[in-house]
Amino acid sequence: MVDWFIGKGKRKSTGASASATATSDDKKLFLDPQYIDSHIVDGDLRQMVLLPPGTDKNEWIASQTLAYFNHFNLIYGAISEMCTPVSCPLMTAGSTVYTWHDDKHKKVKLSAPQYVDLIMTTCQKQLQDESLFPTKFGQDFPSHFVTSIRKIYRWLFHVGSHVYQHHYQDIIDLHLCKHLNTLFTHFIFFSNEFELLDSKDLSPLADLVENILGRH
């Protein structure tokens, strides 16, 4: 991934109360013309996601996945003080409520910071797993690599959709619109190119995704 991201700080936990979750009237602030086309990179992001000639497809997907993980972690870290169990008691994206599967495979509802922490912790463990993301020469990717990758992309989309739907005003206040939009546009193009997200996964931000795929 092009190194366009400028980090604003690491993700940290906080017990402080924050501003209330966005109301239904301002949830679509990210579609406002003054924000939706704001990006850092002037180049063709759609071309940037294409598999480079001579590059192994799984190697390319693995490297980009690591970059997306790091960038989404930084974006969430920037607004984490405003995303608390008080302000975001459920992990939502508009009317969509995301649930986590516990050790007994039961669906449980968690606050947004709890859910995101589990996502980031689980993704990091998988990204550091040599059996899933091999780094040694001659070591093959496992047969379930793409299945595992798709789960990671769904989780990262959950983080992005929560930020867009409930913390976009925070993103604006922190002057991170260009960063988030560039990250998410690149992420959507890549996911679309390699079929890593289904239409049902994209539904919480269907209007934004349609705009990205149709206008860029």
Side-chain angles (χ1 to χ4, degrees), residues 1-9 11 17-49 67-68 70-84 86-98 111-113 115-116 119 153-193 197-216:
M1 181 186 290
V2 178
D3 189 16
W4 43 259
F5 192 88
I6 301 175
K8 292 294 182 178
R11 183 165 54 92
S17 109
S19 57
T21 300
T23 65
S24 58
D25 291 335
D26 58 13
K27 282 181 181 177
K28 302 296 183 179
L29 187 60
F30 51 83
L31 294 177
D32 191 298
Q34 66 178 312
Y35 301 120
I36 195 168
D37 287 324
S38 179
H39 295 82
I40 296 172
V41 179
D42 293 328
D44 189 346
L45 290 173
R46 193 189 297 271
Q47 291 297 314
M48 293 179 185
V49 307
Y68 290 133
N70 288 331
H71 291 331
F72 273 109
N73 200 22
L74 284 169
I75 281 287
Y76 183 77
I79 59 91
S80 61
E81 291 187 357
M82 285 72 77
C83 184
T84 71
V86 175
S87 66
C88 304
L90 292 175
M91 180 62 180
T92 57
S95 60
T96 300
V97 178
Y98 294 120
S111 68
Y115 188 96
V116 174
I119 282 179
Y153 277 68
R154 285 197 299 272
W155 285 337
L156 293 180
F157 183 87
H158 294 176
V159 176
S161 60
H162 178 76
V163 173
Y164 265 109
Q165 292 278 22
H166 303 292
H167 294 286
Y168 202 73
Q169 183 60 59
D170 299 322
I171 291 293
I172 293 171
D173 294 341
L174 291 168
H175 306 289
L176 287 174
C177 292
K178 291 183 178 180
H179 296 80
L180 176 59
N181 289 346
T182 305
L183 166 61
F184 195 73
T185 298
H186 196 284
F187 177 77
I188 290 300
F189 282 152
F190 192 84
S191 301
N192 187 63
E193 175 69 18
L197 289 170
D198 296 329
S199 57
K200 63 180 180 180
D201 299 321
L202 301 171
S203 59
L205 287 179
D207 41 13
L208 178 60
V209 171
E210 182 179 357
N211 182 281
I212 290 172
L213 295 177
R215 293 179 59 183
H216 291 276

Roughly how far, to the nearest 0.5 Å, is CG of L90 from OG1 of T96?
12.0 Å

Take the angle between the ring planes of H166 and H162 and call it parallel below 30°, perpendicular above 60°, tilted in between.
tilted

I need the I75 CD1 to Y164 OH distance, nearest 0.5 Å.
8.5 Å

Just how far is it from atom OG1 of T182 to atom NE2 of H71, taken to the nearest 0.5 Å?
10.0 Å

From H179 atom NE2 to I171 atom CD1, the distance as rounded to the nearest 0.5 Å
10.0 Å

Those residues at least two apart in sequence (or on a different chain) that pass salt bridge (charged side-chain N to carboxylate O under 4.0 Å, His left out) with D173 are none

Quick one: closest heavy-atom pair of L176 and A78, and the distance?
CD1-CB, 3.5 Å

For the student: nearest non-hydrogen atoms of C88 and H167, plus distance
SG-NE2, 3.4 Å

Roughly how far apart are L205 CG and I188 CD1, rounded to 0.5 Å?
7.5 Å

Write down the atom of W155, the atom of I119, and the distance for their closest heavy-atom approach.
O-CD1, 3.5 Å

Kindly compute the distance separating CD1 (I172) from CG (D32), expressed to the nearest 0.5 Å.
7.5 Å

By side-chain hydrogen bond (donor to acceptor under 3.5 Å, both in side chains) - contacts of D207 (at least two apart)
K28

Can you name the nearest heavy-atom pair linking L208 to L31, along with the distance?
CA-CD2, 4.0 Å

Tell me the closest heavy-atom pair linking T84 and E81, and the distance in Å.
CG2-O, 3.6 Å

Here's a test for you: under side chain to side chain contact (heavy atoms under 4.5 Å, CB included), which of Y68, F157, Y153 qualifies with S191?
Y153

Side-chain donor/acceptor of N181 to backbone N/O of S38, under 3.5 Å:
yes

Tell me whether the rings of H158 and Y115 are parallel (<30°), tilted (30 to 60°) or perpendicular (>60°).
tilted

Quick one: does D198's side chain have a donor or acceptor within less than 3.5 Å of a partner on K200's backbone?
no

Under 30°, 30 to 60°, or over 60°: which ring-plane class applies to F72 and F187, parallel, tilted or perpendicular?
perpendicular

Minimum-distance pair of heavy atoms, taken over all atoms of H39 and L45:
CD2-CD1, 4.4 Å

Flag, side chain of S87 to backbone of M82, donor-acceptor distance under 3.5 Å
yes

Tell me, do F184 and S161 make a side-chain contact under 4.5 Å, heavy atoms counted?
no

